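The shown structure was predicted, so the numbers you read here are calculated from the model rather than taken from an experiment. All residue numbers refer to positions in the sequence shown, counting from 1.
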Amino acid sequence: MLDIIILSLHFFICFLISIAIWCGPKDMDLHSSSTGGAEIETDGLIFIGKEEDIKKSQRITAKMNGREIVVFYHEGKFHALDSRCYRKIFVCVISDIDGQVCIVCPWHKFKITLETGEGLYEGINPLEPSPTPKWQSKGVKQRIHKVTIDNGNVYVNPLDLSVTFDSDYFADMYKNGGELVMGK
């Protein structure tokens, strides 16, 4: 009975965190600038926002060519990645998993590293004499974007779609109006 109470409390807390994140800082649409398109600098970088603003809010979402990305500021570093995980929308908690900073999807519990976009899982080798769970990589699942800071401004590199990742499918589905199909 205590297990059910603890599990219910855990899901309730995750739900509250999801609501807090969902209702957090408002999205920034780069296509709503006065020029009608994203602000692209001469070196091809795309302006996301002011460094201090993102540091205060800890995260911001933006649209790049219709694709939604999220920029996190965590422990002195900026990270940018697609805002949809390789299954659904990101409304996530940041956690340290085996020495790596990860986002954790509240619905699926997928763990994705902010540095590389790798999906992590905890598995065992049944051939070991006494198998113990160890964190392992599923490979890169989430598209990450290079962040550049210049004179207090935060920029990301434009998309390089020559290599595909699992998150591309969901980013494109959302871009093409798939939110109703996928649900929230």
Hydrophobic cluster (4.5 angstrom, side-chain heavy atoms) - remaining members for Leu127 | none
When rounded to the nearest 0.5 angstrom, what is the spacing between CD in Glu75 and CG in Leu114?
-> 10.0 Å
Contact check, side chains of Leu81 and Phe72, non-hydrogen atoms, under 4.5 Å = yes
How long is the span from the CD1 atom in Ile48 to the CG atom in Asp53, to the nearest 0.5 Å?
-> 13.0 Å
Using the salt bridge (Lys or Arg N to Asp or Glu O under 4.0 Å) rule, take Asp160 and Arg143 through it: C-alpha gap first, then chi angles, then the decisive distance, then the call.
-> CA-CA 10 Å; Asp160 173 13; Arg143 179 175 296 280; over 6 Å; no
Pairs meeting criterion side-chain hydrogen bond (donor to acceptor under 3.5 Å, both in side chains) with involvement of residues 117-129, two or more places apart = Thr116-Glu118, Glu118-Ser137, Tyr121-Gln136, Glu128-Lys134
Please report the closest heavy-atom contact between Tyr155 and Leu45, naming both atoms and the distance.
-> CB-CB, 3.7 Å
Heavy-atom pair of closest approach, residues Arg67 and Asp172 | NH1-OD1, 3.8 Å
For Lys55 and Phe78, work out which heavy atoms get closest and say how close.
-> CG-CZ, 4.0 Å
Shared hydrophobic cluster for Ile54 and Ile149 (ILVMFWY, side-chain gaps under 4.5 Å) | yes
How about Leu159 and His145: do any of their side-chain heavy atoms sit closer than 4.5 Å?
-> yes
Partner of Ile112 under side-chain contact (heavy atoms from CB on, under 4.5 Å), picked from Ile144, Asp82, Ile103, is Ile103
Spatial distance of atom OH (Tyr73) from atom NZ (Lys56) [nearest 0.5 Å] = 13.0 Å
Take atom NZ in Lys77; do more than 12 heavy atoms of anything else shown fall under 6.0 Å from it?
-> no
Hey, quick one: are Leu161 and Val163 part of the same hydrophobic cluster, counting side-chain heavy atoms closer than 4.5 Å, chains of contacts allowed?
-> no
Report whether Ile94 and Val70 are members of the same hydrophobic cluster (ILVMFWY, side-chain heavy atoms less than 4.5 Å apart, transitive linking).
-> yes
Begin from the C-alpha positions of Lys50 and Asn153 and carry the test side chain to side chain contact (heavy atoms under 4.5 Å, CB included) through to its verdict.
-> CA-CA 5 Å; Lys50 294 290 186 185; Asn153 295 321; 2.8 Å; yes
Close side-chain approach of Lys111 to Trp135, heavy-atom, < 4.5 Å = yes
State the CG-NE2 distance between Asp96 and His74, to the nearest 0.5 angstrom.
-> 7.5 Å
Measuring from Met64:CE to Ile69:CD1, what's the distance to the nearest 0.5 Å?
-> 4.5 Å
Where is the tightest heavy-atom contact between Lys63 and Glu68, given as atom of each residue plus distance?
-> CE-OE2, 4.1 Å
Here the gap from Ser83 atom OG to Ile60 atom CD1, rounded to the nearest 0.5 Å, amounts to 12.5 Å
Side-chain contact, heavy-atom cut-off 4.5 Å: Lys141 with Phe110?
-> no
